[in-house]
Amino acid sequence: MKKILILLSAFSFSIAGTVYMGYDFNGDTDNVTLGYNHIFKTWVCEETGNPSWILVGGANYDVSLTDDLGFAGVYALPMKPVSEKMAVWASFGYSVTVGDASDTVDGGLTYGLGLHYYLNETLGMGVGMVNHDWETELLGITVEDTLEKMNLYFSYRF
């Protein structure tokens, strides 16, 4: 886990982007999510000169406080600015399981929706709902489920 955190930190400093931390506040997990987002494409409105859509790619890793079940994933994240300080986002990607249960549980699709507010040019905060699909096999029966997380995010943009 320490190696992943060091690599994530080194990667975030080497390429301009946004690092973030999210906390699942609805109580399903005690996971803290660490992640990195990088803007790949910005579409600008010709009339106003402001961004109309932003395409972001990212990766995240759950630091499991209970060492039970967490996820590491990659995703695409389209953002729609609704004002200069606020944007809505959706995410779609793939995640694998990490933690003690990762030997028996397989990851899958990850997707979510959220709202982000920029406090200033570098700091921001937001709220979002992220779902992680997973499956396992118990006594020859495949069990599929979805872990739903409601996260409070804090971000720093380089």
Side-chain angles (χ1 to χ4, degrees), residues 1-42 51 53-82 85-136 144-158:
M1 181 170 76
K2 289 181 183 179
K3 291 179 183 177
I4 292 174
L5 293 176
I6 291 170
L7 286 173
L8 184 61
S9 297
F11 183 67
S12 66
F13 288 117
S14 64
I15 298 175
T18 302
V19 293
Y20 65 89
M21 180 185 76
Y23 178 73
D24 180 15
F25 65 84
N26 74 346
D28 284 349
T29 67
D30 287 328
N31 293 347
V32 174
T33 302
L34 300 175
Y36 173 79
N37 290 336
H38 183 75
I39 296 174
F40 286 104
K41 176 80 173 156
T42 301
W53 282 96
I54 301 168
L55 180 59
V56 177
N60 62 15
Y61 180 81
D62 286 350
V63 178
S64 180
L65 301 178
T66 60
D67 288 331
D68 189 22
L69 180 64
F71 293 89
V74 294
Y75 52 85
L77 187 129
M79 296 179 71
K80 172 69 174 160
V82 293
K85 292 204 170 254
M86 190 177 303
V88 293
W89 56 265
S91 65
F92 184 76
Y94 184 80
S95 61
V96 296
T97 57
V98 295
D100 289 344
S102 65
D103 295 339
T104 59
V105 179
D106 295 326
L109 185 66
T110 182
Y111 50 94
L113 297 169
L115 178 70
H116 192 78
Y117 182 79
Y118 299 99
L119 300 170
N120 57 34
E121 289 185 17
T122 57
L123 297 175
M125 63 183 301
V127 64
M129 179 232 23
V130 177
N131 293 332
H132 297 285
D133 291 343
W134 59 271
E135 68 178 40
T136 189
E144 297 180 2
D145 201 359
T146 300
L147 176 68
E148 299 176 355
K149 298 192 303 185
M150 287 295 297
N151 287 334
L152 178 62
Y153 295 101
F154 298 96
S155 66
Y156 181 80
R157 184 172 20 186
F158 294 97

Evaluate the side-chain contact (heavy atoms from CB on, under 4.5 Å) criterion for residues Val63 and Leu34: first the C-alpha distance (whole Å), next the side-chain angles of each, then the deciding distance (0.1 Å), finally the verdict.
-> CA-CA 7 Å; Val63 178; Leu34 300 175; 3.8 Å; yes

Test side-chain contact (heavy atoms from CB on, under 4.5 Å) applied to Trp134 and Asp145, step by step = CA-CA 6 Å; Trp134 59 271; Asp145 201 359; 3.4 Å; yes

Lys80 and Trp53: CA distance, side-chain angles, deciding distance, side-chain contact (heavy atoms from CB on, under 4.5 Å) verdict = CA-CA 5 Å; Lys80 172 69 174 160; Trp53 282 96; 3.7 Å; yes

Residues His132, Thr146; criterion side chain to side chain donor-acceptor pair (under 3.5 Å); working and verdict = CA-CA 5 Å; His132 297 285; Thr146 300; over 6 Å; no

Please step through side-chain contact (heavy atoms from CB on, under 4.5 Å) for the pair Tyr61 and Val98, ending with a clear verdict.
-> CA-CA 9 Å; Tyr61 180 81; Val98 295; 3.8 Å; yes

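Of all heavy-atom pairs between Asn37 and Gly58, the closest is OD1-CA, 3.7 Å. Taking each heavy atom of Leu109 and Gly93 in turn, the nearest pair found is CD1-O, 3.4 Å. Contact between Tyr75 and Ser91 at its shortest, heavy atoms only, is CD1-CB, 4.4 Å. Among all heavy-atom pairs drawn from Pro81 and Ile54, the shortest one is CG-CD1, 4.0 Å. Trp89 and Leu77 get closest at one heavy-atom pair: CE3-CD1, 3.7 Å. Annotation for Phe158 and Val19: closest pair CE1-CG1, 3.7 Å, computed over non-hydrogen atoms.
Taking 4.5 Å as the limit, some side-chain heavy atom of Val32 sits within range of a side-chain heavy atom of Met21. Looking at Thr110 and Val130, their side chains come closer than 4.5 Å, going by heavy atoms from C-beta outward.
In this structure Thr42 satisfies the side chain to side chain donor-acceptor pair (under 3.5 Å) test with no other residue, sequence neighbours excluded.
Atoms CG and CD, from Asp106 and Glu144 in turn, are 10.5 Å apart once rounded to the nearest 0.5 Å. In this structure, CD1 on Ile39 lies 6.0 Å from OG1 on Thr18, to the nearest 0.5 angstrom. Going from atom OH of Tyr111 over to atom CG of Asn131 covers 4.0 Å, rounded to the nearest 0.5 Å. To the nearest 0.5 angstrom, Tyr94 atom OH is 10.5 Å from Asp133 atom CG. The OH atom of Tyr117 sits 5.0 Å away from atom NZ of Lys85, with the distance rounded to the nearest 0.5 Å.
Using a distance-only test at 3.5 Å, with no hydrogens or angles considered, no donor-acceptor pair links the side chain of Ser95 to the main chain of Gly107. A donor-acceptor contact shorter than 3.5 Å is absent between the side chain of Thr97 and the backbone of Phe71.
His38 and Tyr36 have parallel rings, their planes meeting at less than 30° on a 0 to 90° scale where 60° marks the start of perpendicular.
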Show me, pair by pair, the donor-acceptor contacts under 3.5 angstrom made by side chains of residues 119-129, not counting sequence neighbours?
residue	atom	partner	partner atom	Å
Asn120	OD1	Thr122	N	2.9
Asn120	OD1	Thr122	OG1	3.3
Asn120	OD1	Leu123	N	2.8

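Donor-acceptor pairing under 3.5 Å is lacking for the side chains of Asn60 and Thr33.
Between Tyr153 and Tyr20, the distance separating the two ring centers is shorter than 6.0 angstrom.
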